[in-house]
Amino acid sequence: MLSIGEFSRLTHVSVKALRHYHDVDLLPPARIDPDSGYRFYATAQAPTAQLIRRFRDLGMPLDQVKLVLAATDPAARDELIADHLRSMERQLEQTQTAVSSLRRLLEGGGPPALDVTFHSPTATPALTVTARLAWNDVFRWLPDTLTDLRRRLGADAGLRGGPDGAFYSAELFESHIGEVTAFIPLTADAGLTGAARRTGPAGPAGETLPEGPMAVSVHNGPLRELDRTYAALGSFVAEQSLGSHTRTAIRENYLVGMFDTKDEHSLVTEVCWPVLSTRGEKESS
């Protein structure tokens with residue numbers, strides 16, 4: 001039996017970490033002295049401590065480490081590890097995107113040049129789902145919700161009135177918690193009643209997308225760089241004194257979306273900024 005200090009030196013796991021692993025029942029000591037409360041570890045526990053240290057070096061959460069260590073089926077254990085590795089790869093891609101974006105900002109200065117057009121859509125029937133979300137949950141919620149809406153719409157292309165899209169409330173940007181609405185526009189022939197019938201009794205109700213003038217620009221590339229187009233478009237609206245519906249949700253139309261390509265650099269997103277005036281529906285760049 002080894003004291004906690006001796007076990008720490010043997011495994012390169014700190015005493016503080018060993019105490020925490022005991023508290024969360026990840027690596028309890030082999031024996032606890034009933035009088036002193038001192039923890040003692042068996043030499044046979046060293047490989048487990050070393051596994052935990054390596055998993056933690058890879059950023060694996062403790063609850064997932066516990067599942068891996070408890071797995072009796074090798075295939076299930078390997079899938080848990082592979083799932084974490086896939087998560088690390090996604091994080092690496094996000095880091096690489098952030099680094100590339102930072103370099104462009106440092107080298108290129110201000111927001112990108114863009115073309116701005118003006119649209120005044122009329123009220124449009126649509127299938128919608130609205131949820132109140134935290135900022136970091138949007139990227140997970142939106143693909144799942146649009147997938148469900150597509151399934152409910154079915155394969156009848158004659159019902160679809162435009163690309164998938166979403167509305168983002170002002171509160172979401174300001175508080176990083178707010179309403180997000182995913183939608184699929186419907187043709188006028190589909191009608192709200194027909195759309196609602198296709199969703200079934202448990203499906204989302206048919207709604208009408210709002211009408212009104214919008215300043216519109218197109219973003220090409222990863223959604224995580226969408227803030228640059230937002231900055232350029234929002235600045236244009238302010239500088240041209242077009243007036244902005246500050247409490248009205250901003251609309252995104254996914255012209256080439258996540259269901260069309262696996263290459264995030266091939267994504268094409270239309271950003272629609274609600275305005276009070278189009279000033280003759282002019283065009284600028």
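Positions are given from 1 along the sequence.
Looking at P29 and F40, their side chains never come closer than 4.5 Å, going by heavy atoms from C-beta outward. Considering only heavy atoms from C-beta on, P210 comes within 4.5 Å of F167 through its side chain. Residues F236 and V275 have side chains not in contact (no heavy-atom distance under 4.5 Å, counting atoms from C-beta outward). Side-chain contact between L267 and Y254 is absent, with no heavy-atom pair separated by less than 4.5 Å. Put simply, the side chain of L242 reaches to within 4.5 Å of the side chain of F118, judged on heavy atoms.
Taken from CG in L146 to CH2 in W141, the straight-line distance is 7.5 Å, to the nearest 0.5 Å. Atom CZ in F183 sits 11.5 Å away from atom CG in L127 (nearest 0.5 Å). To the nearest 0.5 Å, atoms CD (Q96) and CD (E89) are separated by 10.5 Å. The CZ atom of F55 lies 9.0 Å from the CD atom of Q64; values are rounded to the nearest 0.5 Å. With rounding to the nearest 0.5 angstrom, the CG atom of D164 is 8.0 Å from the CG atom of D260. Between T43 atom OG1 and E6 atom CD the span is 11.5 Å, to the nearest 0.5 Å.
Side-chain contact, R53 with H12: no donor N or O sits under 3.5 Å from an acceptor N or O.
Counted within 6.0 Å of OH on Y38, heavy atoms from surrounding residues, nucleotides or ligands total 12 or fewer; the atom is thus considered open.
The minimum heavy-atom distance linking C272 with I250 is given by the pair O-CG2, 3.5 Å.
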- Task: Quick one: do L62 and H20 satisfy side-chain contact (heavy atoms from CB on, under 4.5 Å)? Show the steps, please.
- Result: CA-CA 10 Å; L62 287 179; H20 183 57; 3.4 Å; yes

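Of the possible donor and acceptor atoms, none in the side chain of S120 sits under 3.5 Å from a partner among the backbone N and O of G212.
With salt bridges taken as basic N to acidic carboxylate O contacts below 4.0 Å, none links K66 and D63.
Ring pair W273/Y230 is perpendicular by interplanar angle, where above 60° counts as perpendicular and below 30° as parallel.
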